[in-house]
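Nothing here was measured: the structure is a model prediction, and the numbers come from that model. Each ligand, and each atom within it, is numbered from 1 in the order the structure gives.
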Amino acid sequence: MNYIEVKLNINPEFSDIFMAELGEIGYETFTEEAEGLNAYITEDLFSEENLDEIMERYLAMTPISYSYSTLEKKNWNEEWEKNYEPILAANGRVRVRANFHEPDPNIQYELLINPKMSFGTGHHETTSMVLSLQMEIDHQAKKVLDVGCGTGILAIFASKLGASEVAGFDIEEWAAENSRENVQLNSCENVVIRQGTIEDEPADQYDIILANINRNILMRDIPKYVEFMKPAPSKLIVSGFYQHDIEDIEKVANESGLTKTHTENKNNWAAVIFERK
Ligand SMILES: C[S@@+](CC[C@H](N)C(=O)[O-])C[C@H]1O[C@@H](n2cnc3c(N)ncnc32)[C@H](O)[C@@H]1O
């Protein structure tokens, strides 16, 4: 099956919104370029009418234009591979790669992540900082929950670090599907992935909760995450917010009975470990 490559000239601030919109109508993969967003869909699902309908809805808010072309299968693979380089995290102890990259036997942990359209390859500061904070925590025989699992990268790493059971969930169905594919690629048999929010999660108690989401969702949901934490010394690792938001996040966490034990910063992004008192 050939793929259609759609080149969208849009303001990068709108990338997430367009990925969500296009994801709904069958686009599988996205690459962010200097001049906008490239989106890929199989030829049978491509419809210029659907694309125009989305463009019309956003035209009043932001300038948009697009062009498209058919990619032969060979070109498609080249395009995908060209845009995704393996990345090292946690001081070189973790390497995130796709299954078409060569393995590196010198690396302690290799995570196989084919991101499709979900966030989470380790290229983003927040993901790589959470991977690095996970290395600081003993996962052996622990129960772990990954909130907003994206590609499943943090849940997969928890399993590789020795967790006994791992659950992950994401509000987006495509992210849950992509996480399940990546869980299989990494042969992590003790990881289950669900679609939904914390409200949909079956009552359970975890030693470690990972939540790389964003400031507002964390501010709202940290008290709910605490209901899923085992008694002290269970831990919550959060990221997805800026350094200047730490104070607000910490206030909510303190009010829920948590204490900050570690902080990491990279390019203004922050990641924090909280522990139950
Ligand atoms: C910043 S990404 C992080 C992905 C991955 N955990 C990582 O560290 O790279 C946040 C993810 O949370 C999901 N999300 C946003 N709001 C959510 C909510 N209320 N409940 C569950 N997932 C949510 C998004 O769909 C997205 O996949």
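- Ligand 1 does not have Ala155 within reach: every non-hydrogen atom of the residue lies 4.0 Å or more from it.
- Residue Glu172 has at least one heavy-atom neighbour below 4.0 Å for each of these atoms of ligand 1: 25 (O).
- Below 4.0 Å from some heavy atom of Gly148 lie the following atoms of ligand 1, by number and element: 3 (C), 4 (C), 5 (C), 6 (N), 11 (C), 12 (O), 13 (C), 22 (N).
- Remark: side-chain polar atoms of Asp207 are paired, donor with acceptor, to backbone N or O of Lys143 under 3.5 angstrom.
- Checked for salt-bridge contact, Asp200 and Arg194 miss the test: no charged N lies under 4.0 Å from a carboxylate O.
- Applying the ring-ring contact (aromatic ring centres under 6.0 Å, His included) rule to Phe46 yields the partners Tyr68; only residues at least two apart in sequence or on another chain are considered.
- In this comparison of Ile171, Asp170, Ile113, the heavy atom closest to atom 18 (C) of ligand 1 sits on Ile171.
- The hydrophobic cluster around Met129 extends to Tyr242, Trp269, counting ILVMFWY residues whose side-chain heavy atoms fall within less than 4.5 Å of a member.
- In terms of N/O distances under 3.5 Å, ligand 1 is approached by Thr127.
- The pair Arg57-Glu21 meets the salt-bridge criterion, since a charged nitrogen lies less than 4.0 angstrom from a carboxylate oxygen.
- By the 4.0 Å heavy-atom criterion, Gly240 is excluded from the residues contacting ligand 1.
- Between the side chain of Asn182 and the backbone N or O of Asn178, at least one donor-acceptor pair lies under 3.5 Å.
- At a threshold of 4.0 Å, the pair Lys251-Glu255 counts as salt-bridged, since one of the basic side-chain nitrogens sits closer than that to a carboxylate oxygen.
- Judged by the shortest distance from any of its heavy atoms, Val130 lies outside the 4.0 Å radius around the atoms of ligand 1.
- For Thr151, no nitrogen or oxygen atom sits less than 3.5 Å from a nitrogen or oxygen atom of ligand 1, counting backbone and side chain alike.
- Contacts between Leu210 and ligand 1 below 4.0 angstrom, taking non-hydrogen atoms only, are absent altogether.
- When heavy-atom distances to ligand 1 are checked against a 4.0 Å cut-off, Leu154 comes that close only through its side chain, counted from C-beta outward.
- For atom 1 (C) of ligand 1, the candidate residues are Asp200, Asp146, Asn212; the nearest heavy-atom contact is made by Asn212.
- The residue Ser239 has no part lying near ligand 1, judged by heavy-atom distances below 4.0 Å.
- Both Tyr206 and Ile222 sit in one connected hydrophobic cluster of ILVMFWY residues. Membership requires side-chain heavy atoms under 4.5 Å apart, directly or through other members.
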